[in-house]
Number of protein chains: 2
Amino acid sequence: MFSHTVEYALRAVAALAEDWERPHAVQKIADRTKMPNDYLAKVMQALCRAGVVNAIRGRHGGYQLTQAPSKLTLLMVINAVDPIKRIDRCPLGLPGHGPNLCPLHRRLDDAIRETENAFRYTTLAELLDSTGPVRPLCPVDQPPAFINVAL
Amino acid sequence: MFSHTVEYALRAVAALAEDWERPHAVQKIADRTKMPNDYLAKVMQALCRAGVVNAIRGRHGGYQLTQAPSKLTLLMVINAVDPIKRIDRCPLGLPGHGPNLCPLHRRLDDAIRETENAFRYTTLAELLDSTGPVRPLCPVDQPPAFINVAL
DNA sequence: TTTAAGATGGACAAAAATGTCCGATTCAAA
DNA sequence: TTTGAATCGGACATTTTTGTCCATCTTAAA
């Protein structure tokens, strides 16, 4: 239902959000989130173009969130790499009817709108908020003690 | 968000549902729903294997719903061609934690569950039910009079 | 029995998504 | 000023999805 690219982008920003005021090298992020290094590089470039992250080049550079995790929503991240497309007209493209949708596409678009909203109102900060026992990422070599669930 | 194949499958069964006790040839369905004939043939085979439709071979054959539109849900159709996959374990595959998900994947799976439910509880009959002014399909050459919206 | 309408399914082609490689560029620190 | 760490971005490879073609099998009607 969600593309690999979206998954990758979300894992990456979640990793960045843990320490968001410093740049993190692609390689570090890739290691931590277990994804192909060079593909992540492309994903980060997309996130950069969309203004979700900043690129700091040169030594000790890397990527960094442009805003506090409480300001960034999951929808921003998703739309940066693989925009959620609402259905705003009949996919059959028949002429002669207005902006109304037939029942099928009305249903489909309702579902899309709901998931869009679910992500529009979820910030990265909420994801990381660990008042509960869960954590969004955990290092591989440090097995979790209780419910230290990995991303 | 939804694949072309899903769109096609839904259009096709919506077309079949309008007159579900007779078989309809692939070519007829393809014309009416504006999709590639030969690709639809593959989609119909998948729907057939999944038990959503029956194939009647030979002259005057075609495809036909196996059950009344009120018995068939959108989810059945979707799952027949492109199953909705729930997230039931950490995609990173890290060992050492149970069946719990981290916050990110919990959110993602919540969204998936909601759309799954939206389709589980919508039948084809509901889609066709035209107490309202909308109709799920309309012929191209007959321009709609009021709000006769096309699929 | 012949014929035409129709599904079946294998093979292939095209396009999109995903993944890999590497040289060029940028910048900070030594 | 040199060097090393890092992004940038083009080229290419692989895989999946989507689309096309066609020979074969099946059945009803003529």
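Just so we're on the same page: letters track the sequence lines, and every chain starts at 1.
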Per-nucleotide protein contact string for nucleotides 19-27 of chain C, where B marks a base within reach and S marks sugar-phosphate only (heavy atoms under 4.0 Å, - for neither): BBBB--BBB

Most 5' of A/Ser3 and B/Gln27 on DNA chain C, judged by nearest nucleotide: B/Gln27

Residue pairs fulfilling side-chain hydrogen bond (donor to acceptor under 3.5 Å, both in side chains) with at least one residue in residues 19-28 of chain B, sequence neighbours excluded: B/Asp19-B/Arg22

Pairwise ring-ring contact (aromatic ring centres under 6.0 Å, His included) hits with a residue in residues 107-126 of chain A, at least two apart: A/Phe2-A/Phe119

Listed once per pair and sorted, the ring-ring contact (aromatic ring centres under 6.0 Å, His included) pairs that draw on residues 51-93 of chain A, sequence neighbours left out: none

Residues 42-51 of chain B side chain polar contacts: donor-acceptor under 3.5 Å, at least two apart:
none

A/Thr5 side-chain N/O to C/dA17 phosphate OP1/OP2 under 4.0 Å: no

Which residues pass the side chain to side chain contact (heavy atoms under 4.5 Å, CB included) test with [X], not counting sequence neighbours?
{"X": "A/Thr66", "result": "A/Asn54"}
{"X": "B/Arg120", "result": "B/Leu75, B/Glu116, B/Asn117"}
{"X": "B/Lys85", "result": "none"}
{"X": "B/Pro83", "result": "B/Asn79"}

Distance, nearest 0.5 Å, that separates CD1 of A/Ile29 from CG of A/Asn37: 9.5 Å

Atom-pair distance (CE on A/Met35; P on C/dA17), nearest Å: 19 Å

Close residues, residues 44-55 of chain A, relative to DNA chain C [heavy-atom separation under 4.0 Å]: none

Terminal contacting nucleotides, 5' and 3', DNA chain D versus chain A (heavy atom, 4.0 Å): D/dG4 to D/dA11

Sequence-distant partners of B/Tyr39, ring pair (Phe, Tyr, Trp, His ring centres under 6.0 Å), two or more places apart: B/Tyr8

